[in-house]
Each structure stands twice: as C-alpha cells, then as structure tokens.
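Both counts, for ligands and for their atoms, begin at 1 and track the order of listing. Since this is a predicted model, take the numbers as computed values, not measurements.
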Amino acid sequence: MTDEDLLSRLLHRPRLKLERKKSYDDMSLSLYDSAHSLDGRSGWETPVFSIKDSFDPNPMVTEAWEALCRSQVYFRGNPVGTIAACDPASEEVLNYDQVFVRDFVPSALAFLMKGEPEIVKNFLLKTLHIQGQEKRIDSFKLGDGAMPASFKVLHNPIKKTDTIIADFGESAIGRVAPVDSGFWWIILLRAYTKSTGDHSLAERPECQKGMRLILSLCLAEGFDTFPTLLCADGCSMIDRRMGVYGYPIEIQALFFMTLRSALSMLKHDSEGKEFMDKIVKRLNALSFHMRSYFWLDLQQLNDIYRYKTEEYSHTAVNKFNVIPESIPDWIFDFMPLRGGYFVGNVGPAHMDFRWFALGNCIAILSSLATTEQSNAIMDLIESRWEELVGEMPLKICYPAMDSHEWRIVTGCDPKNTRWSYHNGGSWPVLLWLLTAASIKTGRPQIARRAIDLAEARLLKDGWPEYYDGKSGRFIGKQARKFQTGSTAGYLVAKMMMDDPTHVGMISMEEEKHLKPPLRRSSSWT
Ligand code: GLC
C-alpha cells in the first residue's frame with residue numbers, strides 16, 4: 001500500500017478505527033490483554049460496517065466479499081453457513097456443495113468481524129440440532145457428542161420445504177471421523193461470545209449440553225497412558241490417509257484450545273463444575289506433555305540424536321524409546337539455530353518430525369505454546385520462509401512424502417502425491433491462522449509479507465483451494481476454484497491487519513495457573 005493510500009484510508013476511516021490503528025502501530029500487547037477476558041467485552045468492540053462503507057480501495061477485498069456472500073447457504077430463509085466451494089467449472093461436485101464445519105470457521109470469523117453475527121448464531125444452533133440426531137455407520141451407533149463433518153440443505157421447490165442431511169463420516173471418502181468438528185464448534189461459540197458480547201447463546205441449556213456432550217467424548221477415561229487424544233487417520237483438515245493418526249499435533253492443539261474455551265463458558269452449576277474440574281486437570285497434564293515432548297529445537301534435536309534406547313523405569317530420558325536412526329535426514333538441515341516447533345506426532349517409538357501449519361498456529365493462539373515457544377515458531381517460519389511459505393502461503397505440512405514412504409503411508413493416494421494437496425501442498429485458507437499468530441506474537445510484518453504473496457495471485461487464479469509444488473507455484477492438480485476457505489481466509493487476514501483487536505476472538509493469553517514447563521532433564525528427577 002502506498003503512503004497516499006494509507007493516508008486516504010485513515011482519513012475516511014471512522015474515528016474508532018483511527019484509534020485502533022494507532023494501537024496497532026504501537027503493537028502494544030497490553031491491548032490484547034484487555035481484549036482477552038470473557039467477562040464482558042472489556043475494552044474493544046467489533047466494528048460494524050458494510051462492504052460499501054468500508055472505503056477499502058482494494059478490489060480484491062470487494063471480490064472476496066462478493067464470493068463469500070454468494071457462498072451462503074439458507075435454511076428456511078435464514079443463512080446457516082457457507083458452501084465449501086462454488087466452482088462453476090468443476091464437473092465433479094462430490095461434497096464441496098456442503099457446509100463443512102471446519103471450513104465455516106474462517107467464514108464465521110469474517111462475518112463476526114464485519115458485524116454480522118446472525119449467520120454464525122444460526123450455524124451454531126443448526127449444527128447443535130444436528131448433533132442431537134441419532135447417527136449410525138452401518139449398524140454402529142456413534143457417540144452422542146459427535147458433530148458432523150458437513151451438512152447439506154435440500155430445497156424442495158414444489159413442496160417449498162427445506163431439509164438437512166448431515167454427514168458424520170458415514171458418506172465421507174474413507175469414512176473418516178470428523179474429530180475436529182466438535183472442537184471447532186466450541187471454539188466458534190467462544191469467538192461469537194467474545195465478538196458480540198452476547199453471553200446468552202452460550203448460556204442456553206442446549207448449548208451447555210452440547211458442550212458437555214463433546215467434552216464427554218474427549219475426556220472419557222480409557223486405557224490411555226498419555227493426556228493427548230488418541231485419533232484415527234484423516235480425522236481433521238487432512239481428511240485422508242496421511243500418517244496423521246495416533247496423537248497428531250492438529251488435534252492436540254485444537255483439543256487444548258477447546259478445553260480452555262469450554263472452561264470460560266461452562267456454567268458453574270453441578271454438571272458444569274464436574275467438567276471444569278476434569279478440564280483443569282487435563283489442561284495441566286496436556287500442556288506439560290506437549291511443551292516437553294512435542295517441542296523440538298536444535299538443542300532438543302541434538303538430545304534425541306544422542307538418545308540411548310531400551311531404557312526401563314522412571315529414570316528413562318528417552319521415555320518413548322525413539323530410535324535415533326529413525327530421525328529423517330531432512331531435519332538436520334531444516335532446523336535453524338534459532339527457532340523451533342511442535343512436531344507432528346509423538347507416541348511409542350514414534351516421532352513424526354513433520355511441521356504442520358495449523359497445529360503450530362493454534363498452539364500459539366491458544367497459548368499451548370509458551371511465549372518463548374511462540375516466538376521460536378515464528379523465528380522458524382521466518383528462517384525457513386522458502387520451504388514453508390514459498391510463493392503461496394501456507395504449506396499444510398513440511399516436507400512432502402515421496403516414493404516408498406508415500407506408497408506405504410498414503411496407500412498410493414493419487415491426490416496426495418508429493419507437494420500436492422495434503423502432502424506438502426500450499427493452502428491459502430491457512431493465511432488467517434498465520435496472520436493471527438503473527439499479530440499475537442507482535443510480528444505483523446510476517447503476515448504482511450504473506451498477504452502480499454497471496455494478493456499477487458489469489459484473485460487472478462480464481463481463489464483455488466490449494467497450490468502444488470515445492471514453492472507452491474502451481475494451482476493444485478485437483479483444486480477447486482472459488483474455494484470459500486480461500487476467500488474467507490484472505491478476508492479474515494485483511495481485517496485482522498486492519499484492526500488487530502479482532503485477534504482476541506480466536507486467541508488466549510497464557511494461563512498463569514498452568515504449571516510452568518519443566519525442562520526434559522528436570523521432568524524425570
Ligand atoms: C477437503 C479438505 C478438508 C475440507 C473439505 C471441504 O476434503 O481436505 O479439509 O474440509 O475438502 O473443503
């Protein structure tokens with residue numbers, strides 16, 4: 001943006017915005033502190049404006065809003081969500097004409113930031129209603145708390161009726177379980193509450209019950225020895241076989257954010273209190289486990305490289321019996337001197353060293369990462385920019401799998417070939433997460449650089465779902481155009497840069513009561 005553009009925007013901006021801009025330039029983090037409590041709206045307001053009076057000279061923003069508005073899905077006249085993609089040129093619709101819970105999150109944030117919370121409220125209530133349906137796969141009944149991966153509204157023009165069909169995984173390719181849906185639902189309920197100041201929705205008995213049902217599923221006692229949540233492959237955004245099973249970072253980070261969100265919204269009645277106790281205990285154990293065992297930096301990598309194996313008893317340093325020979329070659333070059341990240345997965349004799357975008361950004365936003373770890377994640381993104389951002393933000397994971405590994409791990413998936421789709425592809429929807437994490441860590445220049453890259457291509461290319469190639473240079477082989485996540489992700493990124501207080505909807509400060517991270521060496525003494 002030229003200085004002239006900036007000046008003209010500031011001149012035309014409502015007063016409220018001018019004041020915010022000043023705070024943003026100061027990058028004072030105390031701003032976020034005041035915006036972070038759920039008790040009332042504490043010092044910040046979601047600005048209400050429409051496309052027409054936003055004075056944004058950027059035609060890309062206008063086009064993105066138009067595409068997002070076109071993607072709205074109505075049920076009996078009310079907007080209840082946005083369709084995953086509306087690509088008029090695509091022959092195969094598959095399930096891209098449905099409202100996906102995870103895909104709706106950036107749309108919802110965009111509408112909240114624009115001051116149009118109605119669609120978000122309708123979505124939350126509609127999906128809650130769907131949760132209440134009995135769900136079966138063949139003759140197997142799913143847990144009561146399960147939230148759908150997606151739903152579709154069927155309009156009958158003759159009878160003039162609308163009906164909803166939902167998919168809990170029973171129709172999805174590979175019959176994958178949408179573990180992330182319930183998590184996103186709770187996270188979105190908090191975002192709605194923070195943005196509107198309307199606590200009455202979260203306080204409704206049906207919302208409290210919906211939360212408790214989701215929590216019952218993920219807090220159930222079982223055979224587990226770890227506080228992390230055990231999952232099957234393909235249970236989140238990466239909804240195909242990609243070796244993302246066991247204890248994947250994406251689910252653990254969302255789980256952590258969900259528990260913290262629920263804690264701030266559960267009523268202090270007897271049922272609520274029971275869950276709150278469980279949540280606090282789990283949060284403590286989970287944050288310790290993640291901060292100690294999932295964290296990787298140069299020091300940690302060196303420690304693992306020198307690990308002894310076959311250690312028995314409480315004094316073991318190499319608790320999971322990770323065999324140093326299993327460390328992949330690429331990580332030795334990839335790991336910068338400064339920086340670190342949460343690895344993809346940790347389990348018995350298993351460490352998936354891949355870097356995953358969503359899990360690491362959510363770890364920053366939820367404060368699962370300590371302040372030092374959050375800064376280190378951003379340091380790593382800066383120093384490995386070519387690899388992780390390249391020409392289109394942002395790689396879903398790094399690096400890609402190829403050859404024998406690809407055959408074994410993906411089951412020869414032709415959609416997930418190296419540097420494509422879920423296997424190291426670049427997803428514009430992730431721009432909002434990178435932007436939010438950059439702002440939260442006080443480094444908006446990282447987001448600015450990423451947004452510039454997206455602006456050079458996204459509109460021209462027709463808002464593709466993903467890009468292929470080592471640097472994300474090619475429109476994805478089977479990418480849908482006009483993917484709603486790509487338009488909404490861009491808008492959310494822009495609006496957060498414009499008014500960084502919006503980040504408060506989706507971010508949380510570090511909880512002082514969570515035990516400080518112990519160094520690995522002190523965790524076994
Ligand atoms: C693909 C993506 C998934 C997304 C869905 C709808 O299956 O992997 O994350 O929710 O498309 O866009």
Supply the atom-to-atom distance [X] [atom1] to [Y] [atom2], rounded to the nearest 0.5 angstrom.
X: Ile187; Y: Ser366; atom1: CD1; atom2: OG; answer: 8.0 Å
X: Asp402; Y: Thr417; atom1: CG; atom2: OG1; answer: 9.0 Å
X: Ser264; Y: Leu259; atom1: OG; atom2: CG; answer: 11.0 Å

N/O separation below 3.5 Å, [X] to ligand 1:
X: Arg102; value: yes
X: Ile238; value: no
X: Trp427; value: no

More than 12 heavy atoms of other groups within 6.0 Å of His129 NE2: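 Count not over threshold, so no.
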NZ/Lys470: more than 12 non-hydrogen atoms of other groups inside 6.0 Å: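 12 or below, so no.
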Closest protein heavy atom to [atom], given as residue, atom name and distance to 0.1 Å:
atom: atom 7 (O) of ligand 1; result: Asp239 OD2, 2.7 Å
atom: atom 9 (O) of ligand 1; result: Met237 O, 2.7 Å
atom: atom 5 (C) of ligand 1; result: Phe100 CE2, 3.9 Å

Can you tell me if [X] contacts ligand 1 (heavy atom of the residue under 4.0 Å from the ligand)?
X: His422; value: yes
X: Glu465; value: yes
X: Gln483; value: yes

Derivation of the ring pair (Phe, Tyr, Trp, His ring centres under 6.0 Å) call for Phe123 and Phe104: CA-CA 9 Å; Phe123 168 88; Phe104 183 65; 4.3 Å; yes
Where ligand 1 meets Tyr421 - atom numbers and elements under 4.0 angstrom, heavy-atom basis: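 Reading through ligand 1 atom by atom, the close ones are 1 (C), 2 (C), 7 (O), 8 (O).
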Those atoms of ligand 1 less than 4.0 Å from some heavy atom in Ala84: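 Result: 6 (C), 12 (O).
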Ser420 side chain to Asp468 side chain, donor-acceptor N/O pair below 3.5 angstrom: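 Yes, a side-chain donor-acceptor pair sits under 3.5 Å.
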Selection from Ile396, Thr484, Asp103, Val176 by shortest heavy-atom distance to atom 4 (C) of ligand 1: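 Checking each option, the heavy atom nearest atom 4 (C) of ligand 1 is found in Asp103.
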Check: Phe100 ring centre within less than 6.0 Å of Phe151 ring centre: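 Distance test on ring centres: not under 6.0 Å, no.
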